[in-house]
Structure formats: structure tokens, C-alpha cells
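See structure below.
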Amino acid sequence: MIHEQQPCASEPDQSLGREELDEATVRFCGDSGDGMQLAGTQLTNTSALVGNDVATFPDFPAEIRAPRGTQAGVSGFQVHFASRRIFTPGDQVDALVAMNPAALVTNLPDLRPGGIVIVDADSFTPRDLQTAGLKTSPLEDGTLASYQVFQVDITRLTRLAVKDLGLGTKDADRCRNFFAMGLVYWLFDRPVEPTLRFVIEKFGRRPDVAESNRRALLAGYHYGETTEAFAHRYAVDRARLPPGKYTHITGNQAMAWGLLAAARLSGCDLFYGTYPITPASDILHELARRKNFGVRTFQAEDEIAAVTAVIGAAFGGAMGVTGTSGPGLSLKGEGIGLAVMTELPMLVIDVQRAGPSTGMPTKTEQADLNQALFGRHGECPLPVLAAAHPADCFDVAREAWRIAVRYMTPVLVLSDAFIANGSEPWRIPKMSELEPIEVRHPGPLSNGQPFQPYRRDERLARPWALPGTPGLMHRLGGLEKQDITGAVSYDGANHQHMVDLRARKVAGIAADIPPQTVEGPKRGRLLILGWGGTYGPIATAVRRLWERGASVAHAHLRYLNPFPANLGEVLRNYDRVLIPELNRGQLRALVRAEYLVDAIGWNKTTGRPFTVGEIVAGAEPWI
């Protein structure tokens, strides 16, 4: 879904009953089979097309097949759209659409006082309440007294809308999400045409399904238009984003597209070997659809097979990439060590989730930092980068591959479930705007001298010799190598030398990355230092604190190993350093050890991202 963004200035709408808003946050919630993700995605697409800035937060149940109507099976999708630049999916919800009692009670705490509640009144029967674990109905016991409540017979009205199509009750009820969509579109002045086009594209081969969803969508819209229950409609003007061609993009999609771009910019074939795991699997799905770009995807039988296949691809001269989440990263550890020992360029993408073990596989966390840095046996350093928000994954993927081929090393890229599944508008760059990635392979050697696979350049990178090149026969493997010749060596002094060389090579990358930047005053009372998916809440919180006159700044790390060369100097310019993390303080421990800075931790491991309010609360004692 692509649209052109041009500079704009629109007049406010003075229509009767219409209220102009700078921003709005809507959440759809129901059973995992109720189509809440589809409803949220379509609201996102439509809002992006009308020119709003958009940020989203899909929330999946951890149980794959939780009993219908239970709190464990609730699925949600939150959409924040605005007429200005936004960085988060919103702290509080303005309008909550709940398809059953379980969805209502689990999501109600996030609704702002006075907010709108739209419920499917047909789904609040005594049996529904019992299934949700409720003794009384929230519609009758005063739970909703402080909200604007609209009880809509969504199930009954949906069935009426599709009555003459001959659908069974189960198939008719599958259209309820489109009725809810239509009502929300009317309430927030969203056009239905983009979703009508989607229905044709998605379900065109099944005319009965396409027609039933079309009717349900329009029925919901017309219900809002004809009922007298709603006193207001709400309008959010288009955002003033830089001119260009935009699409909305998720983090996993952006990561996949960034890999495609990096392959094209470096002239390498892309090989993606992986074993499916939540929440990284969508990278595989997206790349598997791009075979027209020469992508080869390999779904291996396990994580170990995936990483070793990628090492083989890298040895053969391809852009080798593997993706996983925390448990898979553990299994790949020995293979990553082999890639470090052989000094082959490849990428390892870790989309973090709440652990340990299976943990909460659909919830977000940032607790793999220590594993990314140290989770291998022996002295096994490698560069580590982290994406900050969904669209940033595109740039991080390209930068990681640039470093990998320039320094002949595997590079680990950290994302997380919040970034991977969230989405935002992204200005599509032209390939001509992107820097080429230089790849050099040594040519044939015909002077009779033996090839020296570990002779290094000024960056301590060894040559990337392609198999089959005349005169470049060489040996790679997991045993320690003699410097320069690459022969197997058990000499202790040589091992010390090679360990030091590999560490110096990674440390030297600090001279080849940008200095750390700071948003806000260059010195002052408080610096909030973040990494990964905390970017949006921190950036928004800092701006809120600026409005109060606070002396606070924000620095966000993309490069976690090595750190930017000027990071120590940046940290010393502030009285206090606060580090919010979705873990128990992993970056804080590293910063304290490396720079002897008494950094303060602000930590959370609930499976949900920070809210802006939480970041503000963490900063207030120090400003």
C-alpha cells in the first residue's frame, strides 16, 4: 500500500457533530479467531493512505489454541494515527472495540477515562461471562461507569447483512470484524474504499466471502451513519511528513527488504537459512515471496542445520543470513563460533521475545543482549547492532552487511517482538540514494606461491576467497588457525595472538561507525540512554519533559559492540544517566563496567513495551 506524501495545509472541518483531533488511538480486541489483526491492519493501511502518521502495536495471545472466550485467548491490535510525527502506538486508548467479555476486561485498564467503548452486546450472554471467568456483566455492574459505552448488536446485525447469501452461522460470524471496522471508519472519518479494494484482492476468487465481507463493512459504516447513539464523529488531519513516496511497513518486513537491498548493493546472492520461530518467522515468509530477486530461502530441520547451512553459503560467496529468537540463538551459539573462527561474513538476526525457555513467545523483551555479546564459548567477539523502530530495520540490515563484508566477520542484529510486529510509515528510498556495499574477492593466483587465507588488510580483515578460484585453495574449520597460513595450530602463543587479533578487529569497527548523537542539550542534568525498541517511548517522553523545561537529553545506541568511540565523553556530560530496558539491567551493567558511570536502571519485564508515562515517571526523580 503506497501513497505520495506532499506538503499540505487543510482547513478544519466545521461539520455538525464533528470534532477535530490531533491524534487518536483505537484498539480492536477479541478472540484470536475474530480477525482483530486484520481489522487493525486495515485501519493502519487506511490511515496511512489518508496521510496520517501511524504507529501500531499488535498483541497476540501466547496460547496457540486457547479456549474460545477465555482471557488467555484474547488478541488485540492497537493503532495510533496522528496529524503530527509520532513515535509510539500510544499509552492510552481513546476507543476500545471489544468483541466479547474477556476482551473487554483484559483491555479496559488501557482505556483513558471518558474513552469510547464499543462492545458486541450479543457476546455478553451468561455463558460468555462464565467462560471469561466473570461473575457479573461489566455492562451492568458499574465497571464502565466512567466511559462512553455503546452496546451494538454486532453479531445480529452482521448476520442480517449477509442473510441472503446462504452462509452458515459460523461463516456469517466471521464477518463481524468487518462490521466493527466499518463502524470505526465512520466514527473516525476513514474512507472505506481502500478496504473494499483489499476485499476484492484478497477474496476475489471466493465471491461469496468477498461479498459477505463487503456487506458487513458497509453495514457497520451505515450503522454509524444512521444510528443516533453517537453524538460526535472525529477527524484527524493528515500529517506533515517530508515529501516522498510512502508505505507502511512492519519491522520484520523492513528487515527483509533491507536484506534484499543489501544483497543488490553488494552484488551478492541472498541465502536465508532458518528454522521457523516466533516472532522472527515473518522474515522468512517475506523473503520466500521474493524469489524474483534471486533470493534462496531454506527452512532447515533445526537451528543448528540452519546456521551451518548459512556458513556454507558464506564460504561459497553468498550473503548468508539466519534469523531466530532467543531460544534459537542459544542453539546457534556453536555455529556462530565457527563463523567467528573461520572469519566469514554472515548475519544473525535475533528477534527477541520474553524468556527464559519458551517464556511468553508472543510478548516482547530486550533480555538477549548479554547472550548476543557473550553467549558463546571461548573468546568469541562479534559486532552487535540493534534496530530502534520498525522502519529502522531496513537501515540496520544494510549497515550490518556493510560491516560484515568490510571486516570479514559475522554480525548479530537485535530486533524484538514489539519492533517486528509493529508498523509505521516509511519513505521508500531510491536505490540510487543508497551507498553501494563494496565486496572484494581475490583473483586467481598463478605465481606458484601458496595462498595465505589469513593475511590481513589494514582493517585486520582476511580475504574472502571463493571456492574454485585457481590458486586459492585453502582450509577452513573450527580448529585454531596459524596466523597468515591458515594451517591448523595448537601453539599457545599463536592462539593468544589470534584471539587478540579477532578482538582488535571487532574493536576497530568503532573507528568506522558514526559518533553517538544526542537529541537535546549537549550537557545537562539527565541523559536517557536507550537501545532497541525503547526508542519511541523515550523520544516522546523527552519531548514531553522539554515542554516542562526539564534539562534532559536522549541518546539511542545502534552499535552495542563496539560502542561508538565518543560514548564515554557523551555520558560524562550529564549529571545522571538513566537507562530504561526491558530486562533487569544488562546495558546498565555494561555501561557501568566500561565507563565507570553510575548509571541508573529503569527496568521492566512484563512482556509489554514501555509507555511514555513510565519513562517520564522514571526520569522525574533525577531532573
Side-chain angles (χ1 to χ4, degrees), residues 262 266 268 271 273 307-322 332-349 372-385 399-413 437-443 445 450-469 471-491 493-513 561-562:
S266 61
C268 296
F271 176 88
V307 70
T308 49
V310 169
I311 292 171
F315 176 63
M319 178 183 174
V321 186
T322 188
K332 293 180 191 290
E334 185 176 0
I336 296 171
L338 174 60
V340 170
M341 176 64 79
T342 57
E343 300 187 49
L344 285 169
M346 57 179 275
L347 301 185
V348 180
I349 299 167
L373 292 170
F374 312 117
R376 296 165 294 282
H377 62 279
E379 292 290 343
C380 194
L382 79 173
V384 178
L385 282 69
E399 173 66 356
W401 183 238
R402 181 191 74 86
I403 290 172
V405 297
R406 190 172 174 84
Y407 289 87
M408 287 294 289
T409 177
V411 177
L412 205 151
V413 178
I437 298 173
E438 183 183 13
V439 173
R440 288 183 288 180
H441 300 293
L445 191 65
F451 175 58
Q452 297 177 323
Y454 283 85
R455 181 175 294 281
R456 302 175 186 276
D457 63 16
E458 67 279 5
R459 293 183 291 273
L460 301 182
R462 74 172 192 85
W464 192 5
L466 298 183
T469 305
L472 301 190
M473 184 181 296
H474 60 288
R475 177 177 181 175
L476 291 179
L479 293 171
E480 184 60 277
K481 302 296 180 291
Q482 184 181 60
D483 191 20
I484 301 179
T485 69
V488 172
S489 174
Y490 298 101
D491 178 67
N494 178 74
H495 178 57
Q496 173 82 60
H497 175 65
M498 294 296 279
V499 165
D500 290 344
L501 270 179
R502 290 189 287 265
R504 281 169 49 206
K505 178 174 70 171
V506 173
I509 296 171
D512 196 21
I513 60 177
N561 190 41

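The structure displayed is predicted, hence computed values, not measured ones.
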TODO: Look at atom CZ of Arg459 and say whether more than 12 heavy atoms of other residues, nucleotides or ligands are closer to it than 6.0 Å.
DONE: yes
Open item on the list: Please find the pair of heavy atoms, one from Ala507 and one from Pro562, that lie closest to each other, and give the distance.
Closed with: O-CG, 4.0 Å
- [ ] Would you mind reporting whether Thr485 and Pro450 have side-chain heavy atoms less than 4.5 Å apart?
- [x] no
- [ ] Enter the distance from Leu476:CG to Leu344:CG here, rounded to the nearest 0.5 Å.
- [x] 6.0 Å
- [ ] Answer yes if the side chains of Thr409 and Lys505 hold a donor-acceptor pair under 3.5 Å, and no otherwise.
- [x] no
Open item on the list: Checking Asp512 against Tyr407 for the side-chain contact (heavy atoms from CB on, under 4.5 Å) test, could you report, in this order, the C-alpha distance in whole Å, the side-chain angles of both residues, the deciding distance, and whether it holds?
Closed with: CA-CA 10 Å; Asp512 196 21; Tyr407 289 87; 3.0 Å; yes
Task: Worked check of side-chain contact (heavy atoms from CB on, under 4.5 Å) between Met319 and Phe271 - done: CA-CA 6 Å; Met319 178 183 174; Phe271 176 88; over 6 Å; no
Task: Side-chain heavy atoms of Gln482 within contact of Tyr454, under 4.5 Å - done: no
Task: Over all atoms of both residues, closest heavy-atom pair of Phe315 and His474 - done: CE1-NE2, 3.8 Å
Open item on the list: Strictly distance-based, threshold 3.5 Å: is any side-chain N or O of Trp464 a donor or acceptor partner for the main-chain N or O of Ala314?
Closed with: yes
- [ ] Might you point out which heavy atoms bring Pro345 and Ala404 nearest each other, and give the distance in Å?
- [x] CB-O, 3.3 Å
Open item on the list: Tell me whether Asp457 contacts the main-chain N or O of Arg462 through its side chain, where contact means a donor paired with an acceptor under 3.5 Å.
Closed with: no
Task: Minimum heavy-atom distance Pro410-Val340, with the two atoms named - done: CG-CG2, 3.7 Å
- [ ] Give the intermediate values and the outcome of side-chain contact (heavy atoms from CB on, under 4.5 Å) for residues Ile513 and Glu399.
- [x] CA-CA 10 Å; Ile513 60 177; Glu399 173 66 356; 4.3 Å; yes
Task: Side-chain heavy atoms of Met498 within contact of Leu501, under 4.5 Å - done: yes
Open item on the list: Are Asp483 and Arg456 packed together at the side-chain level, in the sense that at least one heavy-atom pair is separated by less than 4.5 angstrom?
Closed with: yes
Open item on the list: Walk me through whether Met346 and Ile311 qualify under side-chain contact (heavy atoms from CB on, under 4.5 Å).
Closed with: CA-CA 7 Å; Met346 57 179 275; Ile311 292 171; 3.7 Å; yes
- [ ] State whether Arg402 and Glu438 are salt-bridged, where the test is any N-O pair (Lys NZ or Arg NE/NH1/NH2 against Asp/Glu carboxylate O) under 4.0 Å.
- [x] no
Open item on the list: Return the CG to CZ distance between Leu338 and Arg376, rounded to the nearest 0.5 Å.
Closed with: 13.0 Å
Task: Spacing of CH2 belonging to Trp401 relative to CD1 belonging to Ile437, to within rounding of 0.5 Å - done: 8.5 Å
- [ ] Please report the shortest heavy-atom distance between Gly486 and Pro453, naming the atom on each side.
- [x] CA-CG, 4.1 Å
Task: Minimum heavy-atom distance between Leu466 and Gly317, given as atom pair plus value - done: CD2-CA, 3.4 Å
Task: Residue pairs, two or more places apart or on separate chains, that pass salt bridge (charged side-chain N to carboxylate O under 4.0 Å, His left out) and touch residues 493-504 - done: Glu480-Arg502
TODO: First locate atom NE2 of His495, then atom OH of Tyr490, and finally report the distance between them rounded to the nearest 0.5 Å.
DONE: 12.5 Å
TODO: Find the distance between OG1 (Thr322) and CG (Leu347) and round it off to the nearest 0.5 Å.
DONE: 10.0 Å
TODO: Answer whether the closest heavy-atom distance between the side chains of Thr469 and His441 falls below 4.5 Å.
DONE: no
Task: Spacing of CD belonging to Gln452 relative to CG belonging to Leu472, to within rounding of 0.5 Å - done: 12.0 Å
TODO: Identify the residue among Asn561, Val348, Leu385, Val405 that makes a side chain to side chain contact (heavy atoms under 4.5 Å, CB included) with Val411.
DONE: Leu385
Open item on the list: Do Pro383 and Leu412 make a side-chain contact, defined as non-hydrogen atoms from C-beta onward lying under 4.5 Å apart?
Closed with: no
